[in-house]
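These numbers come from the heavy atoms of this one structure, side chains and all, not from hydrogens, waters or symmetry mates. Everything numeric here is computed off the predicted structure, so don't read it as measured data.
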Amino acid sequence: MPYRRTPAVQARQDAQRTTVVEAGLGLLAEHGYAGCTMAAVAARAGIATGSVYRHFPSKAELSVELFRTVVGREVAAVSEAAALGAHRGAADRVVAVIETFATRALKAPRLAYALLAEPVDPAVDGERLVFRRAFRDVFAALITTGVESGELPPQDPRLTASALVGAGAEALIGPLTGPSAGEPDGEAVGPGTVPALVTFTLRALGVPDAHHA
């Protein structure tokens, strides 16, 4: 008869797994994926390294879990931003998504850089495609609504959305690796970063007379 964990044992295992993930997220925010070694995560979690491997057989699997957790939080945040402005126009709601993501990224530059551009295991790179598509779909739904209502000019919503995701991520890479992120030779985060990104977004959508906020 195969061994079956009791509810109490399963609860302890689940709790330990959560502790491991939270420890990994803390290290990810401070040091990126390079700092999320199995030993470092174990030390942060206060458990033996072997216990980490019990939940995640490799660093790649742990990294994927960390990535998915962070992405889930970011997608939830921008989806909420889009929903809160349901009474507003499509362009304003797209701007709300851009502002929410960019502001959150600049407040946690090391974590955002890990999410967007840090060299990683191919498994995490694969997850980045899923992440970009999730953001693309949020944008595409809003753009579709704007085109159908006549607020925005005719365009391919998915193509515009994909372009916004790619351009937005690229525009943030410099600020995310600036002095405030611990890179002395990078670009400083200026107060105009988010307004400039908003202006670009409005122009990409085809909004007339788009200008800096």
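- In this structure, Thr160 OG1 and Leu142 CG are separated by 12.5 Å, a value rounded to the nearest 0.5 Å.
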Is there a ring-ring contact (aromatic ring centres under 6.0 Å, His included) between Phe131 and Phe135? Walk through the geometry before answering. CA-CA 7 Å; Phe131 157 64; Phe135 271 76; 4.9 Å; yes
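- Under the 3.5 Å distance criterion, the side-chain polar atoms of Glu151 are matched with a main-chain donor or acceptor of Ala91.
- A salt bridge links Arg104 to Glu74: one of the charged nitrogens lies within less than 4.0 Å of a carboxylate oxygen.
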Applying side-chain contact (heavy atoms from CB on, under 4.5 Å) to Leu202 and Val198, what does each step give before you reach the verdict? CA-CA 6 Å; Leu202 291 172; Val198 166; 4.1 Å; yes
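- Scanning both residues, Pro153 and Gly206, for their nearest heavy atoms gives CD-O, 3.8 Å.
- Within 6.0 Å of atom CD in Gln10, more than 12 heavy atoms from other residues, nucleotides or ligands are found, so the atom counts as buried in its surroundings.
- At a threshold of 4.5 Å between non-hydrogen side-chain atoms, the residues His55 and Gln13 count as touching.
- The CZ atom of Phe200 lies 6.5 Å from the CG atom of Leu164; values are rounded to the nearest 0.5 Å.
- For the residue pair Ala96 and Arg88, the shortest heavy atom distance occurs at CB-NH1, 4.5 Å.
- Contact annotation: the side chain of Arg17 approaches that of Glu65 to within less than 4.5 Å [non-hydrogen atoms, C-beta and beyond].
- Using a 4.5 Å cut-off on side-chain heavy atoms (C-beta onward), Ser79 and Val138 make contact.
- Remark: the backbone N or O of Gly146 is paired with a side-chain donor or acceptor of Ser149 at under 3.5 angstrom.
- Formation of a donor-acceptor pair under 3.5 Å by the Glu127 side chain with backbone atoms of Phe67 is not found in this model.
- Side chain of Arg136 to main chain of Ala161: no donor-acceptor pair is present (N/O by atom type, distance under 3.5 Å, no hydrogens or angles).
- Scanning all heavy atoms of the two residues, the minimum distance from Ala23 to Arg44 falls at CB-CG, 3.4 Å.
- If you take OH on Tyr33 and CG on Asp121, they are separated by 10.5 Å, rounding to the nearest 0.5 Å.
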Pair Phe56-Val41, side-chain contact (heavy atoms from CB on, under 4.5 Å): steps then yes or no: CA-CA 11 Å; Phe56 300 99; Val41 171; over 6 Å; no
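- Here the shortest heavy-atom pairing between Arg128 and Leu115 reads NE-O, 3.0 Å.
- Using a 4.5 Å cut-off on side-chain heavy atoms (C-beta onward), Cys36 and His31 make no contact.
- Annotation for Ala114 and Leu28: closest pair CB-CD1, 3.8 Å, computed over non-hydrogen atoms.
- Note that CG of Leu172 and OG1 of Thr193 are 8.0 Å apart. Values are rounded to the nearest 0.5 Å.
- Atom CZ of Arg158 sits in a sparse spot, with 12 or fewer heavy atoms from other residues, nucleotides or ligands closer than 6.0 Å.
- Minimum interatomic distance between Gln155 and Leu205 (heavy atoms only, all atoms of both residues): NE2-O, 3.0 Å.
- Between the OG1 atom in Thr49 and the CZ atom in Arg54 there is a gap of 11.5 Å [rounded to 0.5 Å].
- The side-chain heavy atoms of Thr19 and Ile47, taken from C-beta on, include no pair separated by under 4.5 Å.
- Going from atom CD of Glu30 over to atom CG of Leu25 covers 11.0 Å, rounded to the nearest 0.5 Å.
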